[in-house]
Amino acid sequence: TLAILERTLKVMSAVQARVHYAMKQEFQLLKNIIRDYTPEEYDYEPEDGVPHAKRSDYDMVEVIPVSDPNAATMSQKVVQYQAVIQLAATAPQIYDMPLLHRQMLEVLGIKNAAKLVPTEEDQKPRDPVSENMDILNGKPVKAFIYQDHAAHITVHMSMLQDPVTAQIVGQNPQAQAMMAAAMAHIMEHFAFQYRKNIEEKIGVPYPKPNEEMPEEMEVEISRLAAAGAQKLLQSNQAMMAQQQAQQAAQDPIVQMQQQELQIKQAEVQRKAQKDQMDAQLKAAQIETERMRIETQAEVDGARLGAQIAKDQTEQEFKEATEAVRQEIEGVKLGFNMTKEMEELSDRTGMAGQPNRPRD
């Protein structure tokens with residue numbers, strides 16, 4: 001049947017495709033005419049805000065027809081959406097299933113499709129308790145940028161950690177889907193909270209999500225975000241280290257380990273002090289030994305000097321004594337020689353004269 005329909009509508013589809021292309025070109029011409037002849041600013045004041053639409057706005061958008069040139073009949077559109085739904089069933093995590101089903105209902109001509117299949121875009125800001133109720137009832141929830149995300153995360157995490165809630169939800173066949181929806185919503189709040197933390201670190205407001213910006217602004221914001229992310233990382237690391245230290249301080253095993261560590265540290269400190277005292281005592285002994293050696297060297301030097309002086313005095317005394325002795329010997333020798341010469345002279349004189357009495 002689809003093949004017959006496609007063959008029958010082939011000419012009509014070709015005509016519709018060309019009409020779609022021609023309308024696109026006509027819209028482009030109209031946009032260029034309005035852009036070239038419109039004033040820089042609109043000449044009216046809006047009820048809310050300031051006039052911001054101007055000539056340059058037309059350079060950032062494209063005006064195109066919303067018709068689908070590839071589907072001339074409702075049957076073709078239904079077949080296309082059925083094929084997409086079958087494809088989405090193989091990987092539902094990458095598809096927006098509520099939006100896909102709503103579009104399918106709109107193609108079928110079902111009224112009040114928004115009420116039958118609500119999406120996140122239809123949601124309004126709600127308090128965290130109401131969001132928890134919607135999650136438990138299987139209804140979509142959405143986070144908004146201005147909300148107190150830390151408070152919302154606290155309420156949502158408290159619900160997930162509540163043992164009574166976990167027991168009741170665990171008996172529901174859709175428990176896994178509920179938990180997945182809750183965690184996805186928590187991550188949505190956490191993403192906004194992370195954005196807020198980066199703003200606090202860099203000190204300037206961050207652009208709105210998905211807002212178009214010039215290249216220079218994007219580069220500058222990226223540099224500021226890099227510095228803010230580094231500061232946020234250091235702050236979170238310090239906070240987590242403090243929390244881990246506090247948790248560890250309450251653990252009895254950790255307390256015993258800390259006491260053992262303190263005892264070991266005291267023992268190491270005592271040993272270090274003992275080693276220091278031993279080193280000082282050794283240094284004092286070395287200094288005393290050095291002084292003793294220096295004193296002994298001085299005493300030995302004085303003793304050697306005295307011995308040398310004594311030996312020199314004795315040598316001089318011996319030399320003087322020897323000189324006196326030699327002098328005495330010389331006197332004795334001279335006296336003996338004189339005496340012998342006198343005796344010899346007396347004997348020689350007595351040989352030529354008569355004996356006479358001696359004096």
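This is a predicted model, so every value here is computed, not measured. Residue numbers start at 1 and run along the sequence shown.
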Novice: Please tell me if the side chains of M239 and S235 come closer than 4.5 Å, counting only heavy atoms from C-beta onward.
Specialist: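 Contact flag for M239/S235 side chains = no.
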
Novice: For the CD atom of Q237 and the CE atom of M240, what is their distance to the nearest 0.5 Å?
Specialist: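 Going from the CD atom of Q237 to the CE atom of M240 covers 10.0 Å.
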
Novice: Rounded at 0.5 Å granularity, tell me how far NE2 in H20 sits from CD in Q16.
Specialist: 9.0 Å

Novice: Between K274 and D278, is there a side-chain N and carboxylate O pair less than 4.0 Å apart?
Specialist: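 A salt bridge is present here (some side-chain N lies under 4.0 Å from a carboxylate O).
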
Novice: Out of curiosity, T154 OG1 to I186 CD1, how far, rounded to the nearest 0.5 Å?
Specialist: 10.0 Å

Novice: Kindly write out the residues that satisfy side-chain contact (heavy atoms from CB on, under 4.5 Å) with K196, not counting sequence neighbours, or none if the list is empty.
Specialist: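 For K196 the side-chain contact (heavy atoms from CB on, under 4.5 Å) partners, ignoring immediate neighbours, are Q193, E200.
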
Novice: Name all residues meeting the ring-ring contact (aromatic ring centres under 6.0 Å, His included) criterion together with F190; count only those two or more places apart in sequence or in a different chain, and write none if there are none.
Specialist: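 Scan of F190 (ring-ring contact (aromatic ring centres under 6.0 Å, His included), adjacent residues dropped) gives none.
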
Novice: Would you mind telling me which of H185, H156, H152 makes a side-chain contact (heavy atoms from CB on, under 4.5 Å) with V141?
Specialist: H185

Novice: Any side-chain heavy-atom pair from V84 and L100 closer than 4.5 angstrom?
Specialist: yes

Novice: Taking it one step at a time, do E199 and R195 satisfy salt bridge (Lys or Arg N to Asp or Glu O under 4.0 Å)?
Specialist: CA-CA 6 Å; E199 285 183 342; R195 182 179 185 274; 3.4 Å; yes

Novice: If you measure only the distance, is there a donor-acceptor pair under 3.5 Å linking the side chains of Q82 and Q86?
Specialist: no

Novice: Once you round to the nearest 0.5 Å, how far does CG of N137 lie from CG of N132?
Specialist: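 Here the rounded value is 11.0 Å.
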
Novice: Could you check if a side-chain atom of Y95 sits within less than 4.5 angstrom of a side-chain atom of I85, using non-hydrogen atoms only?
Specialist: no

Novice: Sequence neighbours excluded, which residues qualify as side-chain contact (heavy atoms from CB on, under 4.5 Å) partners of I328?
Specialist: V324, K332

Novice: Are any non-hydrogen side-chain atoms of E62 and Q28 less than 4.5 angstrom apart?
Specialist: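 Yes; the side chains approach each other to less than 4.5 Å.
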
Novice: Can you confirm whether Y194 sits close enough to L232 that some side-chain heavy atom of one is under 4.5 Å from a side-chain heavy atom of the other?
Specialist: yes

Novice: Side-chain contact, heavy-atom cut-off 4.5 Å: M104 with V78?
Specialist: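 SC-SC contact between M104 and V78 confirmed.
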
Novice: Could you list the residues that satisfy side-chain contact (heavy atoms from CB on, under 4.5 Å) with R126, not counting sequence neighbours?
Specialist: S130, E131, D134

Novice: Verify side-chain contact (heavy atoms from CB on, under 4.5 Å) between I4 and R7, making sure each step is shown before the conclusion.
Specialist: CA-CA 5 Å; I4 294 173; R7 183 177 59 188; 4.2 Å; yes

Novice: Side chains of D300 and L304: does their closest heavy-atom pair fall under 4.5 Å?
Specialist: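 In short, these two side chains do not touch, never coming nearer than 4.5 Å.
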
Novice: Flag the pair K264 and E260 as a salt bridge only when some basic side-chain nitrogen lies within less than 4.0 angstrom of an acidic carboxylate oxygen.
Specialist: no

Novice: Residues two or more places apart in sequence or in another chain: which of them pass salt bridge (charged side-chain N to carboxylate O under 4.0 Å, His left out) with D275?
Specialist: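 Salt bridge (charged side-chain N to carboxylate O under 4.0 Å, His left out) list for D275, sorted by chain: empty.
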
Novice: Using side chain to side chain donor-acceptor pair (under 3.5 Å) as the criterion, list what pairs up with E289, not counting sequence neighbours.
Specialist: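 Partners of E289 under the side chain to side chain donor-acceptor pair (under 3.5 Å) test: R292.
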
